[in-house]
Amino acid sequence: MLAWQPMLTRADTLPGKSSAIGTVPHAALKTQVIEYRDGDQVLEGYLAYDAAKVGKRPAVLIVHDWKGVGPTVQQRAQQLARLGYLAFAADIYGKGVRPDSPEAASAQAGKYKQDRALFRSRLQAGYRAMLASPQADAARTAAIGYCFGGTGVLELARAGVDVRGVVSFHGGLDSPTPADGKNIRGKVLILHGAEDPFVKPADIDALLAELRSADVDWQMISYSGAVHSFTNPDAGNDASTGAAYNASADRRSWGAMRQFFDELFNASGGKPADQ
C-alpha cells in the first residue's frame, strides 16, 4: 500500500474574475499547496476551489507538462475552480523538482515515459490526494493533462482508475501496452494540433486502434495550423519550431473540454457545475 498523507501547507483567497472562458459570479477562489506521498517520495500538488460554493462538486485532476507544477498549470486549476469544479494539479516529479531548462525537463519527462508503472503510481497518488479534499465528489471525477500530462491522463485511464473521462491537450499519443485499453472505464477526449511534428501518425493510428479494440467511447479533434503546446502562451508564436501558442486552438479546445464535462457530469442527473 502506498504511504500518503495530504497536508495543507499554504492557503490564500482571491476574488472571482471574469474571463473569456467564463466564471462563477462572486467566486471566492481558494488555493492550497498540498503535500502528499507516493511511497517514500514527497510530492507537492496544487488545489483550487470556490470557497463560496457549498458542498461537494466534480473534481478534476490536472497533470502538468514537462516543466512540472508551475504557474501555467496553477492558472488552469484556478480557471476550473471559477467554473465550479474542484481542481487538483498533481505532482509527478516530486517536491522541489521543477526543471528550469528544456534539457532538464526532457530528462524528467523521459524517466516516466520509460517507466509507465512509476508514472501510473504517481498519477494514482495524485488522484487519491485530490479525493481527500472534503469538497471533492468522488463519484464525479475527470482528468486533464498538457503535453507530458496529456500522455499522463491516458495512462491514468489505462490504470483502471474510475474517472468519468480524461482530456489530453497536445499530449503524446503512443500505445505502448495496447492490451491495457481494456482497463479504461471512462470516456476519452483527445485535443490535438494537426501540424504537431512530435506526434507521429503511426502513434495516432496505434492509439485509436487500442481504443477501438477496447470499445472505448472516444473523440479526437485536430486543430488546423496548430502545433505542439498550442495552449501555452509561453511557447511563443513561431510555429516553425514545432511548439507554439495558438489562440484559436486554445479557445476551441477549452470549449470542447467544457462541453465534454457537461456530458460527463450532467448526463446521469447529477447537479451541474456552475457555468
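Since this is a predicted model, take the numbers as computed values, not measurements.
Looking at heavy atoms from C-beta onward, S133 lies out of side-chain contact with K56 at the 4.5 angstrom threshold. Between Q32 and Y49 the shortest side-chain heavy-atom distance falls below 4.5 Å. Contact check for V166 versus L189: no side-chain heavy atoms found under the 4.5 Å cut-off. Counting heavy atoms from C-beta outward, F169 and S253 have side chains that approach closer than 4.5 Å. L191 is not listed as a side-chain neighbour of S168, based on a closest heavy-atom distance of 4.5 Å or more. Looking only at side-chain heavy atoms (C-beta outward), V60 and L86 stay at 4.5 Å or farther from each other. Using a 4.5 Å heavy-atom cutoff, the side chains of Q124 and R128 are in contact. Side-chain contact between L154 and L207 is present, with at least one heavy-atom pair separated by less than 4.5 Å.
Note: the hydrophobic cluster containing L61 also contains Y36 (ILVMFWY, side chain heavy atoms under 4.5 Å, direct or indirect links). Note: the hydrophobic cluster containing M130 also contains Y93 (ILVMFWY, side chain heavy atoms under 4.5 Å, direct or indirect links). Residue I190 is grouped with residue I204 when hydrophobic side chains (ILVMFWY) are merged at heavy-atom distances under 4.5 angstrom, including chains of intermediate members.
One finds the CD atom of E155 at 12.5 Å from the OG atom of S121 (value rounded to the nearest 0.5 Å). For the atom pair E263 CD and R258 CZ, the distance stands at 15.5 Å (nearest 0.5 Å). Put simply, CD1 on I144 and CG on L156 are 12.5 Å apart, with the number rounded to the nearest 0.5 Å.
With N266 contributing its side chain and D262 its backbone, the two residues share a donor-acceptor pair below 3.5 Å. Distance alone, capped at 3.5 Å, places no donor-acceptor pair between the R164 side chain and the R140 backbone. One N or O on the side chain of R98 and one on the backbone of G94 form a donor-acceptor pair closer than 3.5 Å. One N or O on the side chain of D91 and one on the backbone of E44 form a donor-acceptor pair closer than 3.5 Å. Counting only distance, with no hydrogens or angles, the side chain of D174 and the backbone of P176 share no donor-acceptor pair below 3.5 Å.
Closest approach of V153 to G145, counting heavy atoms only: CG1-N, 3.5 Å. Taking each heavy atom of A136 and A59 in turn, the nearest pair found is CB-CB, 4.0 Å. A104 approaches P99 most closely through the heavy-atom pair C-CB, 3.7 Å.
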Exercise. Would you check, one step at a time, whether the test side chain to side chain contact (heavy atoms under 4.5 Å, CB included) holds for T151 with F119?
Key: CA-CA 10 Å; T151 305; F119 202 177; 4.3 Å; yes
Self-check item: Test log, rule side chain to side chain contact (heavy atoms under 4.5 Å, CB included), inputs L47 and T31
Solution: CA-CA 5 Å; L47 181 75; T31 65; over 6 Å; no
Practice problem: May I have the step-by-step check of side chain to side chain contact (heavy atoms under 4.5 Å, CB included) for V163 and R185, ending in yes or no? | Solution: CA-CA 7 Å; V163 289; R185 303 172 69 178; over 6 Å; no
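Using modelled atom types, one finds a donor on one side chain and an acceptor on the other under 3.5 Å when comparing R76 with Q79. A donor-acceptor pair shorter than 3.5 Å can be found between the side chains of Y46 and Q78.
Aromatic ring centres of F265 and F260: separated by at least 6.0 Å. No close placement of the F230 and Y146 rings is indicated, their centers lying 6.0 Å or farther apart.
Listed by chain and number, the residues in a side-chain hydrogen bond (donor to acceptor under 3.5 Å, both in side chains) with Q108 amount to none (sequence neighbours excluded). Remark: R122 pairs with D38, Y112 by the side-chain hydrogen bond (donor to acceptor under 3.5 Å, both in side chains) rule, at least two apart or across chains. Residues forming a side-chain hydrogen bond (donor to acceptor under 3.5 Å, both in side chains) with T141 (at least two apart in sequence, or on another chain): Y127.
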I'd like a table of donor-acceptor pairs (distance under 3.5 Å, sequence neighbours excluded) in which one partner is a side-chain atom from residues 211-223, with atom names and distances.
none

Atom pairs and distances, donor-acceptor, side-chain atoms in residues 62-69, under 3.5 Å, two or more places apart:
unit_1 : atom_1 : unit_2 : atom_2 : d
H64    : NE2    : I92    : N      : 3.1
D65    : OD1    : K67    : N      : 3.0

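Only one option out of R120, R158, R116 pairs with D180 in a salt bridge (charged side-chain N to carboxylate O under 4.0 Å, His left out); it is R120.
Looking at D50 and K53, no side-chain N of the basic residue comes within less than 4.0 Å of a carboxylate O on the acidic one, giving no salt bridge.
Applying the side-chain hydrogen bond (donor to acceptor under 3.5 Å, both in side chains) test to every pair with at least one member in residues 227-246, sequence neighbours left out, gives these pairs: H170-T231, D196-H228, D238-S240, Y245-D250.
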